[in-house]
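Have a look at the structure below before the remarks.
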Amino acid sequence: MGELRAYAALGAAQVRSATAYRTSFLVELFANMGATVFDVLAVLVLFRVTPALGGFSLAEAMLITGLSAAGFTLADFAVGNVDHLKSLVRAGTLDAVLVRPLGALPQLLLMDLPIRKALRVVFGFAVLGLAVAANDIDWTPARGLLLVVAPVAAAVFFGSIFVSSASLAFWWVDSGEVGAAFTYGGRDFTSYPMSVYGGWFRGLFAYALGFAFVAYQPALALLGVPDPLGLPAWSGFLSPLVALAAAAFAAGVWRAGIRHYRSTGS
């Protein structure tokens, strides 16, 4: 209970700090929504020149985009600021985090809680809600449960990538660009049907690394349409298992990084 109170105090302090200057906070709140808005606009622009994308209509493609947006914005809000780890390692200030009687990762996440990104989460789930309403889905208990679980599983998957890529800083401080290729690049990759990609690129990122199970496969399961790439219908329900595997991998990388870290003595 003592640890929970400490974490709650850290989080409350960040909220008070972020909202101390209300005008600045409101500007940042709306400005941070821009990236997700442009992701959605990019899909809409593509459908201005084509009636279908990879065999999917606008409404179906927007369901994929909505699942990806909801999952990514939630992950970015919850754990996206773990990217700051490289700055702490470079400056040696991670030592102060490690000597406290609290978990290092929760401290890092609460030290700079990105309240300014909250509206992005709302917008991401709004896009998902509109996309669900635009599609004629034959609702069953399994599909209803999947609609609830899939965005959370996507958030766990993206959050795991944030933690895994940030943990590279324990070995390679200037690894930010590599990490961004998998976090923000993964967001862009999962916003479109996997059928638009081809060859080894799709095989590696969509299936070997599991990005197809973030939004594409769950969307197919919700829509009840066969996968143009040939995977069975139940593949869309594997997203929680893929997310758990990603989380287990991220936890292993994080623990290995903490063991590898050598204090600067500062």
Side-chain angles (χ1 to χ4, degrees), residues 36 39-75 124-158 160-161 182 185-247 249:
T36 307
D39 289 340
V40 175
L41 288 178
V43 177
L44 295 176
V45 168
L46 285 174
F47 275 93
R48 295 277 296 182
V49 297
T50 180
L53 185 64
F56 291 80
S57 67
L58 173 59
E60 292 168 341
M62 286 304 298
L63 181 59
I64 297 172
T65 302
L67 285 168
S68 175
F72 182 84
T73 54
L74 185 57
F125 277 89
V127 172
L128 175 58
L130 291 173
V132 168
N135 284 280
D136 185 17
I137 298 176
D138 181 16
W139 290 108
T140 64
R143 285 181 180 143
L145 180 61
L146 179 63
L147 180 61
V148 174
V149 171
V152 177
V156 171
F157 184 90
F158 278 124
S160 301
I161 299 219
F182 288 93
R187 174 200 62 191
D188 296 337
F189 182 80
T190 57
S191 295
Y192 301 92
M194 296 296 105
S195 51
V196 305
Y197 306 108
W200 64 268
F201 184 77
R202 181 176 64 203
L204 174 62
F205 287 93
Y207 297 105
L209 296 181
F211 283 97
F213 298 91
V214 170
Y216 176 70
Q217 291 295 338
L220 291 177
L222 288 170
L223 294 168
V225 299
D227 184 3
L229 304 176
L231 264 66
W234 47 262
S235 299
F237 295 91
L238 295 179
S239 58
L241 296 179
V242 174
L244 288 175
F249 176 80

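Just so you know, residue 1 is the first one in the sequence shown, and it goes up from there.
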Revision key, fill the gap. Taking every heavy atom of F56 against every heavy atom of A61, the minimum-distance pair comes out as CB-N, 4.3 Å
Practice item. Hey, could you give me the OG/CG distance between S68 and D188, rounded to the nearest 0.5 Å? Key: 8.0 Å
Review point. Under 4.5 Å between any side-chain heavy atoms of L58 and L53, yes or no?
Key: no
Study note, to complete from the structure: Closest heavy-atom pair, R202 versus M194, reported as atoms and distance to 0.1 Å, is CD-O, 3.1 Å
Point to revise | Closest non-hydrogen atom pair between F125 and P151, with its separation | key: CE2-CB, 3.9 Å
Exercise for review: Please check if the side chain of T50 supplies one atom and the backbone of L46 the other of a donor-acceptor pair under 3.5 Å.
Suggested key: no
Got a list of side-chain donor-acceptor pairs under 3.5 Å for residues 222-247, not counting sequence neighbours?
| residue | atom | partner | partner atom | Å |
| --- | --- | --- | --- | --- |
| D227 | OD1 | Y216 | OH | 2.7 |
| D227 | OD1 | L229 | N | 3.0 |
| D227 | OD2 | Q217 | NE2 | 3.0 |
| D227 | OD2 | L231 | N | 3.4 |
| S235 | OG | P232 | O | 2.9 |

Review point. About how many Å separate OG of S57 and CE of M62, when rounded to the nearest 0.5 Å?
Key: 11.0 Å
Revision key, fill the gap. Here the pair of heavy atoms bringing S195 nearest to G54 is OG-O, 2.7 Å
Practice item. Mind running side-chain contact (heavy atoms from CB on, under 4.5 Å) on L67 and V214 for me, showing each step along the way? Key: CA-CA 8 Å; L67 285 168; V214 170; over 6 Å; no
Check your understanding: Is the side chain of R143 donor-acceptor paired with the backbone N or O of D138 at a distance under 3.5 Å, no angle test?
Key -> yes
Point to revise | Ring geometry between F189 and Y197 (parallel below 30°, tilted from 30 to 60°, perpendicular above 60°) | key: parallel
Check your understanding: For F72, which residues count as a ring-ring contact (aromatic ring centres under 6.0 Å, His included) partner, sequence neighbours excluded?
Key -> F158, F162, Y184
Review point. Is the side chain of T73 donor-acceptor paired with the backbone N or O of A70 at a distance under 3.5 Å, no angle test?
Key: yes
Exercise for review: List the steps and the verdict of side-chain contact (heavy atoms from CB on, under 4.5 Å) for F182 and L209.
Suggested key: CA-CA 10 Å; F182 288 93; L209 296 181; 3.9 Å; yes
Point to revise | Closest non-hydrogen atom pair between L146 and A221, with its separation | key: CD2-CB, 3.6 Å
Point to revise | ring-ring contact (aromatic ring centres under 6.0 Å, His included) partners for F211, two or more places apart | key: F157
Check your understanding: If you measure from CG on L130 to CG on L63, what distance do you get to the nearest 0.5 Å?
Key -> 11.5 Å
Review point. Are V43 and I64 side-chain neighbours, meaning at least one heavy-atom pair lies under 4.5 Å?
Key: no
Point to revise | Within 6.0 angstrom of F249 CZ, more than 12 heavy atoms from elsewhere | key: no
